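Since the structure is predicted, the reported quantities are computational estimates derived from the model, not experimental observations.
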Amino acid sequence: MKQAANFWRSFLIVIGLSLLLTWLFVHSARLGKTSGQHVKVLAAIHNMKAAEAQLNRDLLLLRIGLVSHYDDINTAYQTLTQSIRDLKQAAKHGAYGNSEQVIVDQVARLHTILQQKESVSEKIKTKNALLYNSLYYFFLSSNVLAAEMNKSQQAYHTHLILLHQLVNKVLRFSQIADPKTPQGRRELSQTFRHFFSMLEHTDNAQIKVQVNLLRRHSELIIKNLDIVDAFLQSTVNATLDRQLDNLKNSYMTHYDLVDGQTQIYQTLLYLVSLLLLFYLIYLFLRLNGSTKALAEANRGMAMEILERKEIQRALSYQASHDMLTGLYNRRAFEERLKQGLLQAQKEKRQHALCYLDLDQFKVVNDTCGHGAGDELLKQITGLLQTQIEIEHLLGRLGGDEFGVLLYDIELEQAKKIAEEICFNMRSFRFNWQERLFEIGVSIGLVMISENSETMEDLLTQADVACYIAKDMGRNRVQVHHSSNAELRQRWEELHWAANIQKALDDNQFQLYCQRIQPLKHHESTDNSAHYEILLRCYDDNGKLLMPGTLIPAAERYNLIGAIDRWVIHEAFRVYHHYAKNQSQLYFSLNLSGNSLNDDKFLDYICEQLERFSIPTNRICFEITETAAINNLQHTAQFIRELQGKGCHFALDDFGTGLSSFAYLRHLPVDYLKIDGSFVHDIAENAVNLAIVSAINQIGHVLQMQTIAEYAENDAVIHELEKMGVDFAQGYGVSRPQPINTLLSIPQMSKAVKSSAKA
């Protein structure tokens, strides 16, 4: 009985010791595991202290002009960023224990301060570039001003001495540390004002121009220096040192506690293991594996939750921001623009929308590669951020296009801000691998008021205004006004460009024809019916639109080629149908300059001629004088190719372009169409009568038949017959009519329509 009791007592002791040993081992293993991260954490904190100290020294050296590049500053930021990663990685391995959340929050604050310092450093680079550019142009303008003073007959000796002193002060100011104090900047500003006041009332216009330019660059020197100095001070003052000390103290407190607990548990573990060595080994192999796996699973689940939250934050940021520049992307910008429009309409507020398009971005991208283009966009973003107040909105709309939304602002103030952006862009120079690029910007400005209609209209209006600014010479601001005729024309062209393909798809185009009548003296052996094919279009309301509304938009937006192909296909289809009953039909079709320059267009004509079995000697193609001259050699080759197949050619609107008779010898055309602006009043206008007569004679000498447009009445036709013009076209002969009505041709079938669309 006693032995049984001892057995059970021993058994219970063994079980108790085993459980205690297991508990001690599990806790010792968990506490000891953090020791492996100790060196990494302390090394990361030490590296951050050293890197920040070096960074602050380099920034202060930058402030006094002793740093000419940013490699050391960039290296310091890389070291700080890598140390942050190491600290976060230590958290993933459970190095902080119960203090994990406190330390993670401290690391997050460190990361926030580091991002702020890095962001301000990027702005310093941009403003430093502007400061160096300002100094460069200041010395350049000083040389030009000194040369102008020397050329002038007036006495500028005193001013030259002052200019020399001023240049030396600026040179010393840019190279020596001591003058860059607030007192030094005030003295420099006073020297600027004194010098400019002495030359304020000079009568020399050239000197006035150079003085104003010098004044502008001197203002930029003071302004950019103050901004750079403020940025440097804010960056150096935003120190990580206190946060790093707090982090180290928090960690060391946790580590000392863990280390003391570890030693106690290890001592107890050693004593108990002497009694139950083999049994503990067995328990260790079974229980430690299970416990360790469970701990790892718990930590993995916690880290997975954190990672999911980080992914959600990252996805939210990516959805609304441009990854390259950090600005709002187009979707987010349009959403803010829509909100601003609602404010303007409901609260009667007034905002301004600026549409910015860089002028030389493609040059940088094509010559230096996409890496240079990305770096340029980052620097331009930094430059724009220093000019746009925080209450306004800046976004990247795509490529090299930016949008600025100015809240609660008048037109003149918005225009001033836009012009200031243009000026700073002109002054900015992009340096890439020892190459300097001058960057400009074209800006379209539109006001947002209670009368504005939709967000899409505002963007389109600003885009059109920006397009006008580019057309007018680039690097300027164009304000959108509804009364501006050119803007209204571009707006209408843009509207029609969006509907041209729809008109082609929906068969809204229609062919008209107008008779070209041989005059009495002209001998016609085949009694052919000669018609010019004209194009008309119906809008959505069934209203007939004339080519003058449609063609300019099609030409500007490169859609005229599709229209030319539709006209050729449909005209040949009509000819094929009509030729069954009438073999004397003669068609003239107009070709645009865009189609003449299309390498595949000649093949398309030949394909359509063969498809519809068109007699080529019954087809005449009309090209304008301007289109022919733009690429004379290519046009002449195009004409010869089709003339070799039997087609004829007419030179249309002759007299309105370059009006040079010399090039006619190089264009083997069969007909010369005299522009109607000279023809319509020859019965009363002797000058136009002489011009038409001269063109007719030259055409006949070159063995071309002549056609007079705008023959509006019998008096004009009589004069044309007297001077020997071969053909007349105009209301005096016949008015344009739908070709299907004139020739009784049915509408195009679905099969043919599909072919035309293709």
Side-chain angles (χ1 to χ4, degrees), residues 123 317 319-322 325-359 377 380-425 440-470 472 474-488 490-492 494-495:
K123 295 178 182 178
Y317 180 86
S320 60
H321 287 75
D322 174 59
T325 62
L327 301 177
Y328 280 107
N329 57 24
R330 188 180 188 98
R331 186 186 67 82
F333 186 87
E334 288 180 352
E335 186 63 31
R336 295 296 184 91
L337 177 59
K338 189 181 297 183
Q339 295 173 4
L341 176 59
L342 290 175
Q343 289 177 351
Q345 292 172 338
K346 294 181 179 180
E347 304 172 17
K348 296 185 178 180
R349 295 165 62 180
Q350 180 171 266
H351 312 311
L353 170 63
C354 296
Y355 197 100
L356 285 65
D357 193 331
L358 301 183
D359 291 333
L377 289 174
I380 292 296
T381 299
L383 177 60
L384 290 174
Q385 286 174 327
T386 62
Q387 296 179 258
I388 306 301
E389 299 295 337
I390 192 169
E391 64 267 19
H392 302 313
L393 183 68
L394 173 64
R396 183 184 178 200
L397 304 183
D400 58 345
E401 298 170 347
F402 295 84
V404 178
L405 186 56
L406 304 173
Y407 291 99
D408 299 311
I409 196 168
E410 298 294 331
L411 173 60
E412 290 303 319
Q413 187 180 358
K415 189 175 179 182
K416 182 179 179 182
I417 293 175
E419 289 174 346
E420 188 71 19
I421 292 174
C422 280
F423 178 81
N424 286 331
M425 282 295 185
V441 64
S442 299
I443 303 178
L445 173 63
V446 59
M447 298 304 295
I448 306 171
S449 67
E450 58 180 323
N451 298 321
S452 301
E453 296 182 358
T454 66
M455 179 267 294
E456 290 78 9
D457 287 342
L458 288 172
L459 282 172
T460 303
Q461 290 166 2
D463 188 15
V464 169
C466 180
Y467 195 97
I468 296 291
K470 282 186 174 292
M472 295 176 66
R474 298 175 181 268
N475 207 43
R476 63 183 64 230
V477 179
Q478 176 65 47
V479 181
H480 178 274
H481 296 291
S482 58
S483 59
N484 188 304
E486 188 173 3
L487 284 169
R488 188 166 59 253
R490 292 291 172 84
W491 179 269
E492 291 175 355
L494 188 65
H495 169 76

Does any non-hydrogen side-chain atom of Ile417 lie less than 4.5 Å from one of Val404?
no
Under a 3.5 Å distance rule, please check whether Thr460 uses its side chain to pair with a backbone N or O of Glu456 as donor and acceptor.
yes
Flag side-chain contact, heavy atom, 4.5 Å: Phe402 against Leu327:
yes
What do the steps show when you test Asp357 against Ser442 for side chain to side chain donor-acceptor pair (under 3.5 Å), and what is the final call?
CA-CA 5 Å; Asp357 193 331; Ser442 299; over 6 Å; no
Per the side chain to side chain donor-acceptor pair (under 3.5 Å) rule, what does the pair list look like for residues 401-416, sequence neighbours excluded?
Arg349-Asp408, Gln350-Glu410, Tyr355-Glu401
Considering non-hydrogen atoms only, spot the tightest contact between Met455 and Leu337 and give its length.
CG-CD2, 3.6 Å
Beyond-backbone contact of Leu394 with Tyr328, side-chain heavy atoms, under 4.5 angstrom
no
Using the side-chain contact (heavy atoms from CB on, under 4.5 Å) rule, take Asn329 and His321 through it: C-alpha gap first, then chi angles, then the decisive distance, then the call.
CA-CA 5 Å; Asn329 57 24; His321 287 75; 5.6 Å; no
Candidate pair Val477 and Cys422, rule side-chain contact (heavy atoms from CB on, under 4.5 Å), full reasoning:
CA-CA 8 Å; Val477 179; Cys422 280; 3.8 Å; yes
Using side-chain heavy atoms (C-beta onward) and a distance below 4.5 Å, is Arg336 in contact with Leu393?
yes
Using every non-hydrogen atom in the two residues, find where Gln387 and Glu420 come nearest and quote the distance to one decimal.
NE2-O, 3.5 Å
Test item: Glu419 and Ile443 side chains (from C-beta on) under 4.5 Å apart, heavy atoms
no
Between Arg396 and Leu377, does a side-chain contact (heavy atoms from CB on, under 4.5 Å) hold up when you go through it step by step?
CA-CA 10 Å; Arg396 183 184 178 200; Leu377 289 174; 3.3 Å; yes
Approximate separation, where rounding is to 0.5 Å, of Asp463 CG and Leu459 CG
8.0 Å
Stepwise side-chain contact (heavy atoms from CB on, under 4.5 Å) check, Gln461 with Val464:
CA-CA 5 Å; Gln461 290 166 2; Val464 169; 5.8 Å; no
Backbone N or O of Val441 within a donor-acceptor pair of the Asn475 side chain at under 3.5 Å?
yes
Would you say Thr381 and Asp322 make side-chain contact, with heavy atoms under 4.5 Å?
no
Can you confirm whether Glu347 is buried at CD, in the sense that more than 12 heavy atoms of other residues, nucleotides or ligands lie under 6.0 Å from that atom?
yes
Looking at side-chain heavy atoms only, is the closest gap between Leu356 and Leu384 below 4.5 Å?
yes
Could you walk me through whether Arg330 and Glu334 pass the salt bridge (charged side-chain N to carboxylate O under 4.0 Å, His left out) test, one step at a time?
CA-CA 6 Å; Arg330 188 180 188 98; Glu334 288 180 352; 3.0 Å; yes
Closest heavy-atom pair and its distance - Leu341, Ser452:
CD1-CB, 3.5 Å
Taking every heavy atom of Glu453 against every heavy atom of Gln345, the minimum-distance pair comes out as O-NE2, 3.3 Å
I'd like to know if the side chain of Gln478 reaches the main chain of Leu445, judged simply by a donor and an acceptor atom lying under 3.5 Å from each other, with no hydrogens or angles considered.
no
Ile380 and Met425, any side-chain heavy atoms less than 4.5 Å apart:
yes
